[in-house]
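Step one of this worksheet: look at the structure below.
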Amino acid sequence: MFPSCRDFQCGNQYGKQKVSTVLDFLGNLTRTHYCGALRASVAGANAIIMGWVHRRRDLGNLLFLDIRDRTGIVQVVFNKETQPQAHAKAEQARSEFVVAVEGQVIKRQKANPELATGEVELVATNLHILNNAKTPPFPVEDEINAAEETRLRYRYIDLRRAKPHRNLALRHKIVLEIRKVMDEMGFIEVETPMLTRSTPEGARDYLVPSRVHHGQFYALPQSPQIFKQILMIGGLDRYFQIVKCFRDEDLRADRQPEFTQLDLEMSFPRQQDIFEVIENVMVRACAVAGIKAERPFPHMLYKDAIRKYGSDKPDLRFAMELHEITNCFPEEAKQKLQIEGNVFALAAPGAANYSRKQLDDLTEKAKSLGARGAYFVKVAPEGTTSTVEKLIGPENVKKLAEAAAAKPGDLVVAVSAKQRIKGTEAAALIAGQLRLHLGEALNLIDKTQWKFLWITGFPLFEWSESDKQWVSAQHPFTGIVDEDLEKLESAPWEVRSKGYDLVLNGNELGSGSIRIHRQDIQERLFKALGLTEEQLRRRFGFFLDALTYGTPPHGGIALGIDRIAMLLAGERSLREVIAFPKTTAAQDLMAESPSAVDAPQEEELEIMAAYPGLIRQNWALAELCDELTSVIDRSLFRSILPKENRFQESMSLIVSKAFDDARAVARLSKSGYGLQAAGLSRSLVESAINSLYINLEPEKHGGAYLRSIRESNLRLVRGLTPHADTPEMQEVLKKAEIIDTESGWPRRLIQRADAVGRPMYLYDVVYLMLSQILHGDVASVAGKLEEDRTGNFSIQIGPSNHWVPQALSTCFIGFHQIAQMAFKAFRIDETELEKVGNKFHELTQRVDRAAL
Ligand code: ASP
């Protein structure tokens, strides 16, 4: 068999036996140089370096270790003859061991041009092995083939590579520069809350349940939008923040559920003022990465961007503009080709020689993007040909080529869209995608260029197919072009916003707007978006109020820091500039989050599903039930229960089932499903009666109970054939049931309750009451009926407080009873149990007194 990489390393290089290394202490050792700092200029000096064993080469008398730290790699040589001790120690070193080396820097006889430190090496006099390491799952090298999943799972090893270090360092420098520029321009960094309420940026919120306020939630901010506007109302004048935002949306390769923004807002700004701030920031950030960006950045209207480039974030590093050529298709051809909207075309330079197969591929691509069809014209030197020549005629083919500004050698690609989407040029958007595809394929994109662009004149609304209504194209605080205000209600699709986007090389870096600063307009907009008065007050009441107390005109923007760092680092994935990124499935593979939570936390999280309207007294009852279950959990279930006699055996069965039932009753109750919880609590009543009954003659009754349970189960299992028919089933059930008589376990609950021999609150009152209400459809439906004073009925839907106290009290009394018997069986001190019992009495008495 071919040896795996691992076998090869361990077997041949290091030998298979496990060497146990004695580890050294760091003690007073002090690093004098970083590995990457050793250059010819320090030759002759003594040095102490610290880092990881990057590679090891054993040439017998000479052993080489490449040592790596954040700054680079340097070669260390161990000489068996001159430093036998250090050499012997070096023999124990393995990849990724952590070491300190003392030695002298010397000039190499032959420099290694591959290494920045290649002119020198360190001759070791002493090696300290500070820690060992398992063989890493992949080598620490820039060019690694390990699957990204493995890299993310072992991110700490992945991070040891030079590239992530470079990227994170660059990101740090960019952010540092941004902070400096913002400060120079008079902006103050202010932190806004992470635990807050929903901000409407069009994604789902990440929610955090409040432990204190049952059934209520914080939302993690999708952006600090509302807060930064309120900071303007608060007179801060110029705010910025490098801030985490959270959006729960379907992830794509270039999206992260949590991401970082440069968020800013300023008072009394003209659009131009905001552009100048950002241009300054971007030019300086680019300079950090050694990139020269030109300002001012050009502007383009949204509609021109769509019509010319088929995108709201056009890549201006190459031309190949789109042209609207609908009129080259005569009516008849349009009908034949089922063309409805506009047709857009572009001329791909030098692609006239595309093969049939290449054209088919383009058609496929266009169709996958939603095209009705793709039509081609080849403008070859020997003549113009077209796939639609028969349909539109040679005149139109010529006209089309001209309209697309095609030159000899070009391939004209025209597309129509399958579906019309209100307010968009669907065919242009498809052609825009083809433009990018062809731009790459034909190598038209000059990767050395940095083309910034402002897009303005966005529509305020966009049509949502799923909601079948107009929704905010950006967030609903975006300002409205003054002269379009009057169309807000009558022709919303014509209303333009005061929003703008910043684009770099075909990437949207961020967006912003001059805001609505008047409460009357803000309210009109919310209404135009279909928010009812009540929704409005609930979601934005505080903000609308704030707007009424003297809000200055204001505006701002937010730029994606991750994306900026990615582009400036020349990376294609955001994950390359984020230390601990999430996968496209929103997981952190290293920390294994999201994850299930431990039991106590899970109990706290039950309040997530809690009914927010549950009254205090019901919460208090539910908490007492929780307290009871945790007393029982602590006293009984933390160790293995003894089974020395029938009493113990039967009680362990009963109490463990009751435990699960009680938890379920509490959960259902907290979420306001009292009727269902009460139904379940009947089984606790029965178990409580069973416990009392067993307690009368623990050995005898305990034995009978166990026999009845075990035997009837066995009979059921044995008796049932895979496809039992009804009579067969009845037979089996009957057999299983006779065990009650055979085992000596009284069959009917009333027999057991009577035998207990004293007034049984649980049986006499609770069981009957619950049975009456809960038996049968009619009764349980009746539990959902409410009658008002006038005798009218209404049906109660969803959670409420109904039946919650009955369910919880029954649960508590029953479970407490069972626990007393179990504690007795296992001879456990009952003090704690008594304490919760007393609390329950106090609470119920208080409630009763209040009710009286
Ligand atoms: N809040 C917006 C966003 O996060 C940016 C802005 O309007 O300032 O996209």
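Indexing begins at 1, ligand by ligand and atom by atom, following the structure's order.
Using a cutoff of 4.0 Å between basic side-chain nitrogens and carboxylate oxygens, Glu189 and Lys228 are not scored as salt-bridged. Ion pair Asp482/Lys498 flagged as a salt bridge, since at least one NZ, NE, NH1 or NH2 atom sits closer than 4.0 Å to an Asp/Glu carboxylate oxygen. A salt bridge links Arg284 to Glu177: at least one charged side-chain nitrogen sits closer than 4.0 Å to a carboxylate oxygen. No salt bridge links Glu571 with Arg171; every basic N to acidic carboxylate O contact stays at or beyond 4.0 Å.
When atom types are taken as modelled, the side chain of Asn167 and the backbone of Glu576 share a donor-acceptor pair closer than 3.5 angstrom.
Every residue two or more places apart in sequence or in another chain that forms a salt bridge (charged side-chain N to carboxylate O under 4.0 Å, His left out) with Lys527 is listed here: Glu523, Glu533.
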When you pair each N or O of ligand 1 with protein N or O atoms, which pairs come out under 3.5 Å?
{"unit_1": "ligand 1", "atom_1": "1 (N)", "unit_2": "Glu201", "atom_2": "OE2", "d": "2.6"}
{"unit_1": "ligand 1", "atom_1": "1 (N)", "unit_2": "Ser223", "atom_2": "OG", "d": "3.3"}
{"unit_1": "ligand 1", "atom_1": "1 (N)", "unit_2": "Gln225", "atom_2": "OE1", "d": "2.6"}
{"unit_1": "ligand 1", "atom_1": "4 (O)", "unit_2": "Arg247", "atom_2": "NH2", "d": "2.9"}
{"unit_1": "ligand 1", "atom_1": "4 (O)", "unit_2": "Gln261", "atom_2": "OE1", "d": "3.0"}
{"unit_1": "ligand 1", "atom_1": "7 (O)", "unit_2": "Gln225", "atom_2": "OE1", "d": "3.3"}
{"unit_1": "ligand 1", "atom_1": "7 (O)", "unit_2": "His475", "atom_2": "NE2", "d": "2.7"}
{"unit_1": "ligand 1", "atom_1": "7 (O)", "unit_2": "Arg515", "atom_2": "NH1", "d": "2.7"}
{"unit_1": "ligand 1", "atom_1": "7 (O)", "unit_2": "Arg515", "atom_2": "NH2", "d": "3.3"}
{"unit_1": "ligand 1", "atom_1": "8 (O)", "unit_2": "Gln225", "atom_2": "OE1", "d": "3.4"}
{"unit_1": "ligand 1", "atom_1": "8 (O)", "unit_2": "Lys228", "atom_2": "NZ", "d": "2.6"}
{"unit_1": "ligand 1", "atom_1": "8 (O)", "unit_2": "Arg515", "atom_2": "NH2", "d": "2.7"}

